[in-house]
Undergrad: 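Handing you this structure, nothing more for now.
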Amino acid sequence: MDDKFLGPYEPAHTESRIYEAWEKSGYFNPDNLPEELLAHNGKPFTIVMPPPNANGNLHAGHALFIALEDLFTRFRRMQGYRALWIPGADHAGFETQVVYEKKLEKEGRSRFSMDPKDLYGEILAFTLMNKKNMEGQVRALGASCDWSREKFTLDPDVIERVQQTFVKMHDDGLVYRGKRTVNWCPKHQTSLSDVETESVEETTPFYTFKYGPFDIGTVRPETKFGDKYVVMHPDDARYAEYKHGDKLTVEWINGPIEATIIKDEAVEMDFGTGVMTITPWHSQIDFEIAKRHGLDMEQIIDWRGKLLPIAGEFEGMKITEARAKIVEKLASKGLVVSTDEKYTNVVKRCYKCATMIEPQIKDQWFVTMAPLAKMALDAADRKELTFIPEYQEKVFRYWMENALDWNISRQIVWGIQIPAWFRNRNTDTEEIVASLQKPSGDGWEKDTDTFDTWFSSGQWPLITTGFPDGKDATHYPTDVMESGYDLVFKWIPRMIIFGLYLGKKTPFHTIYLHGLVNDANGKKMSKSKGNVINPLDLTDKFGTDALRMGLIVGNTPGTDLALREDKIKGYKNFANKLWNISRFVLTETEGADLSVPLTSVDQELRAELDALIADVTKDLEEYRVYLAAEKIYHYAWHRLADDILETSKPILTGSDAAARASRQNLLRSLLADVLKLLHPFMPFVTEEIWASLMPNQGLLMVTKWPSTKA
RNA sequence: GGGCGAUUAGCUCAGUUGGUAGAGCGCUUCAUUUACACUGAAGAUGUCGGGGGUUCGAGCCCUCCAUCGCCCACCA
């Protein structure tokens, strides 16, 4: 027996050495897998890693996805698949830029006073440093991903491919330049997609003002300067005397203005007085009404959130200060009818800085979503997508059925440039061309905007497999997409859409959605609350295997997990239990004759494990990993250790030589298979024991999964 | 306002197609150096949120209700 078994299991002495051995073996790359293993199957099995944002440390959620995806990969590899797990890193456009801007702010600098090229260079250096750090952390968690295929979302070939997609979509009429309402963040000076904003319920005063013969309601008096249209429902009997297009002069904030009556069904008759004025430039719904009737649109608030000259005496004032002053002025003119202080409405805020989003009209690139969303829904109808848990499909469908056109331009430098060119910009003879090269002729000006990060990461399964031309094209479509359920309406549909549009197939057939990892009290981890758990601290304390088990056992997909140290500690004990089982078996079977047949009692015990193997294999194939883990755990500890080992003691010291030899064989065979079953869950300790149990038999990582044929 | 999920032992949660409840932690008693004290043996604890229904049989299926949580939202 190895001397190493003399003490308890020490993860710290084992893990980095084992990982190095795996990596050196080359088996993370399916092209190098042993032929005799592939002979059992040989089909590709592929997972694309959701590329972590290369702008900080891994968090507990990353540890969970690595545990799960590594488990899927190791299981399939042992089953003889050409298992490929492709790692990556995401430049995470806006996210990283926000992180970097905070850093700049601390240093008393601002991106708005920097040369865009310098800024890009600085963020690139910052990101590459974090990327390296992140890769080390992924290794520490035992990930058996193929580093030789790692992709970064800003690799030159990725950039080119993403830009080509844009040009193709433009040629296919799926991308258009639109002057439309966008979510504008006045702090970050960029537009944001709908999923980059959050709606917060707030209590705001609701004012009713006198507007000529009407009473109109608003929560935003500061936008009302240009309100020259007064809108009501066409069927509203109260206002039947007013006809669409009628004009009347009303006294307003800065004097009399001419108002025009508009009849539109968007107005709710039951809400307030059933009359409203509109501000098309700063409200989505008002914009739609104005568009339907061909009305003028005027900007009231500038890009920094200050009032424009149209506000007269209020020009240059921040909207937050202006509101009260405007109400005061209206009151002095006797135009305030009432103020409801307890009105609650929903306000959109930037999901990063919580600044109030100012709807603005801006020229932006949009993806026409309707036909693409339909492709995704059709694929779901054809049952080409399996969601785990099943109910998440409803969420996915809801988003596809209600998909709004997607704003893909961002006014930030950190990202992939949009390959578009303008000539005579903002004039009547404006020309726009989508092309990777500068068009011929003079006066072309390149679009300075960059893509929404989901535009590139949405193509990730295609890009990482190089479909359709690359050498790994056989790995597309991939098998499983494993991700947090919070991405079911962000990343997942975009990958499906790009997959169908560019690859003609869904990019994966199974979507495994894990829950969020919360703190021990079930509270969401956040830096401000100070309850963030660093997974690497837990691996130091309890070992990577223990952390992985703690994240997997009993953690059903789609359900949030309260990460408790005592649970992880329990699996540290389990790793040690396995260690001691192995010590016992190795000691008691030294020099045993392994060709002796099993007694009938031992055959029964062997059959019992075979039944478990069949059960667990089925669980894993059907992604019930949370159950499989518990079953093996229970068998190893409470059946093998507590019962079988105990009842073996008298046999092993007894006088019946045949029974003794049989039992020795049995114990070695049970332990070997338990190690195989546990390997995808606890790769380090099982590999370490394997080396002693089966010396010179190669790595457990590439040992065939036990057969279910008893 | 719309949608989704949850409600099971003191705590955290399982329970795969319906067959009279399970795990881990905690708790009680015992064992005292055993392969392992990062241990073992024995044990206590649940009208499975509530009402109604389907069924020979319901934690699981249907329906209504209550409470909690999450997500979404262009009624100004």
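First the proteins, then the strands, lettered A, B, ... as listed; each starts at 1.
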Undergrad: What residues form a salt bridge (Lys or Arg N to Asp or Glu O under 4.0 Å) with A:Lys524, not counting sequence neighbours?
TA: none
Undergrad: Please identify each residue that fulfils salt bridge (Lys or Arg N to Asp or Glu O under 4.0 Å) with A:Arg624, with sequence neighbours left out.
TA: A:Asp619, A:Glu622
Undergrad: Return the polar atom pairs (N/O with N/O) between nucleotides 21-25 of chain B and the protein under 3.5 Å, or none.
TA:
from, atom 1, to, atom 2, distance (Å)
B:rA23, O2', A:Glu630, OE2, 3.3
B:rG24, OP1, A:His638, NE2, 3.4
B:rC25, O2', A:Asp566, OD2, 3.1

Undergrad: Remember a base hit wins even if backbone is also touched, and classify A:Tyr9 as base, sugar-phosphate or nothing at under 4.0 Å, heavy atoms.
TA: nothing
Undergrad: If the condition is salt bridge (Lys or Arg N to Asp or Glu O under 4.0 Å), which residues does A:Glu265 pass it with, not counting sequence neighbours?
TA: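 Here no residue qualifies.
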Undergrad: Mind pulling the stems RNA chain B is in, i.e. runs of at least three Watson-Crick or G-U pairs, everything under 3.5 Å?
TA: B:1-7 with B:66-72, B:10-13 with B:22-25, B:27-31 with B:39-43, B:49-53 with B:61-65
Undergrad: Less than 4.0 angstrom between a side-chain N/O of A:Lys649 and OP1 or OP2 of B:rA35, yes or no?
TA: yes
Undergrad: Counting heavy atoms from C-beta on, name the nucleotide in B:rA14, B:rU12, B:rC36 closest to the side chain of A:Lys577.
TA: B:rC36
Undergrad: Taking the side chain of A:Tyr626 as heavy atoms from C-beta outward, which of B:rG15, B:rG5, B:rU12 is closest to it?
TA: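 Nearest listed nucleotide: B:rG15.
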Undergrad: In B/S/- notation, 5' to 3', how is nucleotides 70-76 of chain B contacted by protein heavy atoms closer than 4.0 Å?
TA: -SSBBBB
Undergrad: Of all residues at least two apart in sequence or in a different chain, which pass the salt bridge (Lys or Arg N to Asp or Glu O under 4.0 Å) check with A:Asp519?
TA: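 For A:Asp519 there are no salt bridge (Lys or Arg N to Asp or Glu O under 4.0 Å) partners, ignoring immediate neighbours.
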Undergrad: I need the full list of salt bridge (charged side-chain N to carboxylate O under 4.0 Å, His left out) pairs touching residues 275-294 of chain A, with sequence neighbours left out, sorted by first then second residue.
TA: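 Listed once each, the pairs are A:Asp264-A:Arg292.
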Undergrad: Hey, could you give me each pair passing salt bridge (charged side-chain N to carboxylate O under 4.0 Å, His left out) that has a residue in residues 201-210 of chain A? Not counting sequence neighbours.
TA: A:Glu202-A:Arg349, A:Lys210-A:Asp215
Undergrad: Among residues at least two apart in sequence or on other chains, which ones pass ring pair (Phe, Tyr, Trp, His ring centres under 6.0 Å) with A:Phe214?
TA: A:Tyr239, A:Tyr242
Undergrad: My understanding is that only residues two or more places apart in sequence, or in another chain, count here; which of them pass side chain to side chain donor-acceptor pair (under 3.5 Å) with A:Glu588?
TA: none
Undergrad: Tell me every residue that passes side chain to side chain donor-acceptor pair (under 3.5 Å) with A:Asp381, counting only those two or more places apart in sequence or in another chain.
TA: A:Arg397
Undergrad: Reckon A:Thr556 has a side-chain N or O less than 4.0 Å from the OP1 or OP2 of B:rA14?
TA: yes
